Amino acid sequence: MVGSEVILLDFWPSMFGMRVRIALAEKGIEYDYKEQDLPDKSTLLLEMNPVHKKIPVLIHKGKPINESCIIVQYIDETWKDKSPLMPSDPYTRAQARFWADYVDKKVYDALTKSGTLKGEEQEKAKKEFIEILKVLEGQIGEKPYFMGESFGYADIALVTFYCWFYTFETLGNYSIEKECPKLIAWAKRCMQRESVSKTLPDSKKIYEFFMEMRSKLGL
């Protein structure tokens, strides 16, 4: 494999890949971006992630790192000289990991169900999703960011879902901002960072992609 020391295998609408792109941008790391066709996975992707066969994959000096949150931690530990993403205090660092893990286990499935189920099931799914967001909103509280004054790991774990909110709000006919105004205020604060604003695609573009994908699948 010839080329850049840092390579990212990714797919542009992926909220998980966006996490890695934000972390790389925060650190000012140059990398070679290789867009992946997920229905027709590249030989490189299958070679670098033979277990899950998923994006994102960060390849650093020929060695693959998989799973978005693990990759963000790797980036922070490898390039320590700029923009620390993890808190220096062990307890606060553990809390950041806890909230990122909460996001991973709860948000994706709940968000998807809130816009794709029908009838009573959808109403239940919307309620459950808002309850999850309210828990996250409670952790942010009056602080600028998840763990305090500094943008970091836990913020990166959640903020990439923000560009997908519009799609599922539209499909589910509800408003996240109405239910969780402080959470949306936090997301807008994050969007003021260049690393975030240049990474997250326009919400309408995400919506168009999703509807096209559903149409292709006959949904």
Side-chain angles (χ1 to χ4, degrees), residues 10-23 35-39 52 54-56 67-69 72 98-141 145-146 151 153-193 195-219:
D10 199 1
F11 180 47
W12 72 268
S14 169
M15 60 278 284
F16 304 106
M18 290 176 214
R19 291 171 171 175
V20 180
R21 282 176 261 157
I22 290 171
E35 179 79 2
Q36 300 297 298
D37 179 2
L38 298 188
H52 295 304
K54 296 191 302 185
I55 54 91
E67 298 297 313
S68 61
C69 279
V72 172
F98 172 86
W99 288 110
D101 184 64
Y102 182 87
V103 170
D104 264 355
K105 288 175 177 172
K106 297 281 189 179
V107 174
Y108 179 81
D109 285 345
L111 173 63
T112 306
K113 288 175 182 176
S114 76
T116 54
L117 294 177
K118 300 296 180 186
E120 287 183 15
E121 283 189 334
Q122 186 181 59
E123 291 307 310
K124 183 182 175 183
K126 287 192 290 188
K127 185 179 177 183
E128 288 176 356
F129 179 53
I130 292 300
E131 285 173 359
I132 289 166
L133 293 186
K134 283 186 181 295
V135 170
L136 293 164
E137 188 177 55
Q139 165 58 22
I140 297 167
Y145 300 108
F146 254 96
F151 176 83
Y153 175 66
D155 302 290
I156 290 172
L158 179 60
V159 75
T160 56
F161 288 88
Y162 179 54
C163 60
W164 278 88
F165 283 179
Y166 172 78
T167 294
F168 293 104
E169 284 175 310
T170 303
L171 292 170
N173 189 30
Y174 69 107
S175 167
I176 293 171
E177 186 164 23
K178 182 180 177 182
E179 301 286 347
C180 302
K182 288 185 178 179
L183 185 82
I184 297 301
W186 159 83
K188 289 177 179 177
R189 262 195 306 280
C190 291
M191 285 293 286
Q192 291 172 10
R193 300 184 71 83
S195 64
V196 180
S197 63
K198 287 194 171 182
T199 296
L200 269 59
D202 181 82
S203 296
K204 302 285 178 65
K205 186 179 178 186
I206 292 283
Y207 176 78
E208 289 168 6
F209 158 77
F210 186 79
M211 297 309 289
E212 184 179 338
M213 184 178 70
R214 289 188 80 183
S215 177
K216 285 179 180 177
L217 294 171
L219 300 174

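Source: prediction; values computed, not measured. Atoms considered below: every heavy atom in the structure, side chains included; atoms not considered: hydrogens, waters and symmetry mates.
- To the nearest 0.5 Å, atom OG1 of residue Thr167 and atom CD1 of residue Ile206 are 6.5 Å apart.
- Sparse packing is recorded around CG of Asn173, with 12 or fewer heavy atoms of other residues, nucleotides or ligands lying under 6.0 Å away.
- Taking every heavy atom of both residues into account, Leu171 and Gly115 meet most closely at CB-O, 3.2 Å.
- With sequence neighbours excluded, no residue forms a ring-ring contact (aromatic ring centres under 6.0 Å, His included) with Phe129.
- The aromatic rings of Phe168 and Trp164 lie parallel to each other, with less than 30° between the two planes, well short of the 60° mark.
- Here the straight-line distance linking atom CD1 of Ile176 with atom CZ of Phe161 works out to 11.5 Å at 0.5 Å rounding.
- Going from atom SG of Cys69 over to atom CG of Asp101 covers 8.0 Å, rounded to the nearest 0.5 Å.
- Counting heavy atoms from C-beta outward, Phe210 and Thr116 have side chains that approach closer than 4.5 Å.
- Within the 4.5 Å cutoff, side-chain heavy atoms of Val72 are placed close to those of Tyr153.
- Qualifying ring-ring contact (aromatic ring centres under 6.0 Å, His included) partners for Tyr174, counting only residues two or more places apart in sequence or in other chains: none.
- Judged by distance alone, the side chain of Thr112 and the main-chain N or O of Tyr108 form a donor-acceptor pair under 3.5 Å.
- Considering NZ of Lys134 and NZ of Lys182, their distance stands at 10.5 Å, rounded to 0.5 Å.
- Not one N or O on the side chain of Ser215 forms a donor-acceptor pair closer than 3.5 Å with the backbone of Glu212.
- Here Glu67 pairs with nothing under the side chain to side chain donor-acceptor pair (under 3.5 Å) rule; sequence neighbours left out.
- In this structure, Leu200 and Cys163 approach most closely via the heavy-atom pair CG-SG, 4.0 Å.
- Going from atom CD1 of Ile140 over to atom CZ of Arg189 covers 7.5 Å, rounded to the nearest 0.5 Å.
- Note: Glu128 CD to Leu111 CG = 13.5 Å, rounded to the nearest 0.5 Å.
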Check your understanding: Step by step, would you call Lys204 with Glu208 a salt bridge (Lys or Arg N to Asp or Glu O under 4.0 Å)?
Key -> CA-CA 6 Å; Lys204 302 285 178 65; Glu208 289 168 6; over 6 Å; no
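- For the pairing with Leu158, the side chain to side chain contact (heavy atoms under 4.5 Å, CB included) check across Trp186, Trp99, Tyr102 returns one residue only, Trp186.
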**Study point:** Stepwise side chain to side chain contact (heavy atoms under 4.5 Å, CB included) check, Tyr162 with Ser203
**Key:** CA-CA 8 Å; Tyr162 179 54; Ser203 296; over 6 Å; no
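- In this structure, Gln36 contributes its side chain and Phe11 its backbone to no donor-acceptor pair below 3.5 Å.
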Point to revise | Check against side chain to side chain contact (heavy atoms under 4.5 Å, CB included), Lys205 and Phe209 | key: CA-CA 6 Å; Lys205 186 179 178 186; Phe209 158 77; 5.9 Å; no
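- Every pair passing side-chain hydrogen bond (donor to acceptor under 3.5 Å, both in side chains) that includes a residue from residues 12-22 is listed here, sequence neighbours excluded: Asp10-Arg21, Arg19-Ser68, Arg19-Asp104.
- Note on residues 109-125: pairs passing salt bridge (charged side-chain N to carboxylate O under 4.0 Å, His left out), not counting sequence neighbours, are Glu123-Lys126.
- Closest heavy-atom contact between Ala125 and Leu117: CB-CD1, 3.9 Å.
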Review point. Leu133 and Glu137: side chain to side chain contact (heavy atoms under 4.5 Å, CB included), yes or no, with the steps?
Key: CA-CA 6 Å; Leu133 293 186; Glu137 188 177 55; over 6 Å; no
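- The salt bridge (charged side-chain N to carboxylate O under 4.0 Å, His left out) pairs that include a residue from residues 164-180 are Glu177-Lys188, where partners are two or more places apart or lie in different chains.
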